[in-house]
Undergrad: 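To start, I am sharing the structure in question, which I have written as structure tokens.
Quick note: numbers below take in every heavy atom, side chains included, and nothing from hydrogens, waters or symmetry partners.
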Amino acid sequence: MNREELKLGKIDGMDLKELAKEFGTPLYIYSKKQLEENVLAYQKGFLDPYERTRVAFASKAFSCKALYQLMAQRGIGLDVVSGGEIFTAKQAKIPMETLEFNGNNKEKWEIELALEEGIGLFIVDSLEELYFLEKIAKEKGKVAKILFRLKPNVETDTHAHMSTGHSRSKFGISRKDFLKAWEFSQKSKEMEFRGIHIHVGSQLKENTSVLAGLKNIFSLLEEGGEKVLSSIKEINLGGGLGISYVEGEKSISVEEFYKEPMKQIEEFFQKHKKIRPWISIEPGRSLVGEAGITLYEVGTIKEEESQTFMAVNGGMSDNLRVALYGAKYEALAVNKSGEEKTVQIVGKCCETGDVLIQKAKLPEMERGDLLVILATGAYHYSMANNYNKNPIPPVICVEDGKAEIWVKGQTMEELIQREQ
Ligand SMILES: *Cc1c(COP(=O)(O)O)cnc(C)c1O
């Protein structure tokens with residue numbers, strides 16, 4: 001995202017003031033150009049350099065039909081975690097074989113839906129789920145392609161709530177259950193075992209935990225012996241690449257992130273005289289995060305002795321990540337300049353924790369001014385909620401001076417339409 005352009009009130013040839021007037025605020029705005037660049041980074045850094053590779057977008061990061069279509073048109077599959085995401089994909093006419101189904105508690109109706117729709121891959125999260133899936137597949141006369149999500153038993157350098165690969169995590173099959181699950185899958189007519197899956201965490205700045213996870217997986221496969229090794233057709237490395245939320249925050253490129261893991265996987269299978277299996281990944285945040293911003297209008301500014309509170313017309317209802325992870329953001333004042341001072345940017349929700357930025361440096365601003373928060377493209381719209389009966393803001397995508405509505409904003413009527 002071009003900070004200078006935004007400060008001057010522009011995004012990809014569009015005027016922020018005009019957009020605010022037309023669509024209202026808060027407003028989620030995506031840059032088509034930036035989305036394309038993010039996809040291209042995976043093309044150049046992962047798909048092009050290595051054969052037998054696939055990318056599926058972790059759709060929980062930003063789930064809507066238009067984005068699913070954009071990804072599908074560029075050869076990116078979809079990682080879904082609920083019946084709702086499967087339904088959205090179907091409505092968007094995404095080929096169901098490009099979907100993979102993750103999650104630690106897939107419900108019966110969701111598994112049935114996935115089997116009926118012919119979803120490409122089930123990522124099985126526990127031994128119990130394996131038996132459950134087989135039972136449903138048998139009833140329906142279907143065969144399910146499966147990966148086992150394994151606990152890689154590694155710690156990560158990310159926030160505890162974004163770390164998923166340690167042994168205490170609710171996600172994945174533990175080491176001791178792997179062989180049992182594998183043997184079951186080999187005997188079952190309904191289970192087509194394809195390989196394994198690990199996901200160590202999110203907002204990662206380096207690949208060390210992926211490498212540590214791989215090491216654990218390699219030893220587990222070796223313990224399984226020749227038969228297990230030969231049965232591995234695919235390894236899914238999950239997602240997790242971090243992005244830059246504030247200026248200067250370090251992030252790692254796709255190319256650099258996957259280089260060493262790919263080399264080590266290649267060497268491992270070479271050592272065992274096997275062809276390297278397919279390698280798939282499921283990035284979410286890094287495909288969409290920096291392509292989105294939120295546009296707010298400034299409201300009450302409260303100057304107190306110790307600090308200044310600047311309230312905007314959104315908050316934890318459109319950005320839950322500060323309350324959830326203590327996430328850090330950067331704000332830009334639109335069409336304002338001058339000496340900067342430190343303010344606390346807060347939302348309008350009735351929670352003390354409803355803070356967007358603890359310490360933001362901004363020029364003098366007043367009620368009615370526009371403010372942009374950067375890098376809100378991932379886990380914002382998808383986590384948006386109606387707390388305090390705030391309507392969920394619209395989502396638009398801009399490209400070369402044109403704006404397209406991806407999701408309309410909620411109306412007041414819609415806020416109560418399901419109430420009796
Ligand atoms: C959340 C998640 C992802 C995507 O993570 P990002 O950090 O957004 O790339 C991928 N795979 C699984 C299993 C996940 O839970």
Side-chain angles (χ1 to χ4, degrees), residues 1-43 55 57-74 76 78 85 88-89 92 94 239 241-245 251 283-297 312 314 317-321 327 329-332 334 356 370-384 391-410:
M1 255 332 148
N2 186 331
R3 284 180 173 76
E4 292 317 307
E5 199 186 48
L6 287 167
K7 281 188 202 170
L8 294 172
K10 301 273 182 213
I11 178 166
D12 294 357
M14 300 289 297
D15 190 86
L16 290 171
K17 257 200 186 113
E18 294 297 322
L19 291 174
K21 214 181 276 166
E22 185 171 354
F23 301 103
T25 53
L27 179 61
Y28 293 118
I29 308 176
Y30 283 82
S31 155
K32 180 76 83 54
K33 193 166 118 234
Q34 185 69 52
L35 286 169
E36 309 262 10
E37 280 172 20
N38 296 351
V39 171
L40 202 61
Y42 276 92
Q43 190 72 47
V55 177
F57 169 60
S59 75
K60 66 181 181 195
F62 175 32
S63 173
C64 77
K65 291 193 294 180
L67 184 82
Y68 285 10
Q69 283 160 354
L70 184 147
M71 292 293 171
Q73 282 156 8
R74 284 153 189 81
I76 307 284
L78 266 194
E85 286 179 355
T88 306
I94 306 300
L241 219 88
I243 62 167
S244 176
Y245 282 96
S251 61
R285 188 186 313 272
S286 49
L287 276 169
V288 293
E290 287 183 68
I293 60 169
T294 310
L295 184 64
Y296 297 101
E297 188 178 302
V312 294
S317 39
D318 59 77
N319 181 350
L320 203 54
R321 294 189 65 261
Y329 287 92
E330 180 183 341
L332 301 175
V334 176
L356 289 173
L370 293 175
L371 182 113
V372 161
I373 295 210
L374 298 173
T376 62
Y379 305 106
H380 286 74
Y381 170 70
S382 59
M383 286 185 177
I392 293 177
V395 181
I396 64 167
C397 182
V398 296
E399 182 187 18
D400 291 337
K402 286 195 298 286
E404 198 182 339
I405 300 180
W406 276 7
V407 186
K408 281 188 200 165
Q410 262 179 334

Undergrad: Quick one: are Leu6 and Leu374 in side-chain contact, heavy atoms under 4.5 Å?
TA: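 Result yes, sub-4.5 Å side-chain heavy-atom pair found.
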Undergrad: Walk me through whether Tyr68 and Ser59 qualify under side-chain hydrogen bond (donor to acceptor under 3.5 Å, both in side chains).
TA: CA-CA 8 Å; Tyr68 285 10; Ser59 75; 3.1 Å; yes
Undergrad: What are the two closest non-hydrogen atoms of Ser382 and Ala61, and how far apart are they?
TA: OG-O, 3.2 Å
Undergrad: For Thr294 and Leu27, indicate whether the former's side chain and the latter's backbone hold a donor-acceptor pair under 3.5 Å.
TA: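 Checked: no pair found.
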Undergrad: Carefully, step by step, assess Tyr30 and Ile293 under the rule side-chain contact (heavy atoms from CB on, under 4.5 Å).
TA: CA-CA 7 Å; Tyr30 283 82; Ile293 60 169; over 6 Å; no
Undergrad: Tell me, with the steps shown, if Val372 and Leu16 meet side-chain contact (heavy atoms from CB on, under 4.5 Å).
TA: CA-CA 9 Å; Val372 161; Leu16 290 171; 4.0 Å; yes
Undergrad: Carefully, step by step, assess Val55 and Met71 under the rule side-chain contact (heavy atoms from CB on, under 4.5 Å).
TA: CA-CA 10 Å; Val55 177; Met71 292 293 171; over 6 Å; no
Undergrad: Just checking, any donor-acceptor pair under 3.5 angstrom between side chains of Ser63 and Glu85?
TA: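 No, no side-chain donor-acceptor pair sits under 3.5 Å.
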Undergrad: Under the 3.5 angstrom rule, does the side chain of Gln410 hit a backbone N or O of Pro393 as a donor-acceptor pair?
TA: no
Undergrad: Of the non-hydrogen atoms in Val334 and Leu371, which two are nearest, and what is the gap between them?
TA: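 Residues Val334 and Leu371, closest heavy atoms: CG2-N, 4.3 Å.
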Undergrad: Which atoms form the tightest heavy-atom contact between Pro26 and Pro394, and what is the distance?
TA: O-CD, 3.7 Å
Undergrad: Kindly state each residue pair satisfying side-chain hydrogen bond (donor to acceptor under 3.5 Å, both in side chains) with at least one member in residues 11-27, sequence neighbours excluded.
TA: Lys10-Asp15, Asp12-Ser31, Thr25-Asn313
Undergrad: Using every non-hydrogen atom in the two residues, find where Ser251 and Gly242 come nearest and quote the distance to one decimal.
TA: CB-O, 3.8 Å
Undergrad: Could you tell me which non-hydrogen atom of Ala403 sits nearest to which non-hydrogen atom of Ile396, and how far apart they are?
TA: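 Here Ala403 and Ile396 meet closest at CB-CD1, 4.3 Å.
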Undergrad: Given side chains that start at C-beta, do those of Glu399 and Met14 come closer than 4.5 Å, heavy atoms only?
TA: no
Undergrad: Answer yes or no: is there a side-chain heavy-atom contact under 4.5 Å between Ile94 and Gln69?
TA: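 A side-chain contact under 4.5 Å exists here.
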Undergrad: For side-chain contact (heavy atoms from CB on, under 4.5 Å), just list the numbers for Tyr296 and Leu356, CA-CA rounded to whole Å, side-chain angles, deciding distance to a tenth of an Å, and then say yes or no.
TA: CA-CA 11 Å; Tyr296 297 101; Leu356 289 173; 3.8 Å; yes
Undergrad: Measuring from Ile405:CD1 to Cys397:SG, what's the distance to the nearest 0.5 Å?
TA: 12.0 Å
Undergrad: Taking atom OG1 of Thr88 and atom NZ of Lys65, what is their separation to the nearest 0.5 Å?
TA: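 Taking OG1 in Thr88 and NZ in Lys65, the distance rounds to 8.5 Å.
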Undergrad: Is there a donor-acceptor contact under 3.5 Å linking the side chains of Thr376 and Tyr28?
TA: no
Undergrad: Using side chain to side chain contact (heavy atoms under 4.5 Å, CB included) as the criterion, list what pairs up with Leu320, not counting sequence neighbours.
TA: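 Side chain to side chain contact (heavy atoms under 4.5 Å, CB included) check on Leu320 returns Met316, Met383, Asn385.
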Undergrad: State the CG-CG distance between Leu287 and Leu241, to the nearest 0.5 angstrom.
TA: 9.0 Å
Undergrad: Can you name the ring pair (Phe, Tyr, Trp, His ring centres under 6.0 Å) partners of Tyr245, sequence neighbours left out?
TA: Tyr329
Undergrad: Ring centroids only, cut at 6.0 angstrom: are Phe62 and Tyr379 within range, meaning strictly under it?
TA: no
Undergrad: Check side chain to side chain donor-acceptor pair (under 3.5 Å) between Glu36 and all other residues, then give those that pass, not counting sequence neighbours.
TA: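 Side chain to side chain donor-acceptor pair (under 3.5 Å) list for Glu36, sorted by chain: Arg74.
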Undergrad: For the NE2 atom of His380 and the CD1 atom of Ile373, what is their distance to the nearest 0.5 Å?
TA: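 With rounding to 0.5 Å, NE2 (His380) is 8.0 Å from CD1 (Ile373).
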Undergrad: Can you name the residues that form a side chain to side chain contact (heavy atoms under 4.5 Å, CB included) with Val407, not counting sequence neighbours?
TA: Cys64, Tyr381, Val395
Undergrad: According to side chain to side chain contact (heavy atoms under 4.5 Å, CB included), who are the partners of Leu8, at least two apart in sequence or on a separate chain?
TA: none
Undergrad: What is the minimum heavy-atom distance between Ser286 and Ile243, and which atoms define it?
TA: CA-CG2, 3.6 Å
Undergrad: In Å and rounded to the nearest 0.5 Å, what is the NZ to CZ distance from Lys7 to Arg3?
TA: 8.5 Å
Undergrad: Rounded to the nearest 0.5 Å, how far does CG of Asn38 lie from CD of Gln43?
TA: 13.0 Å
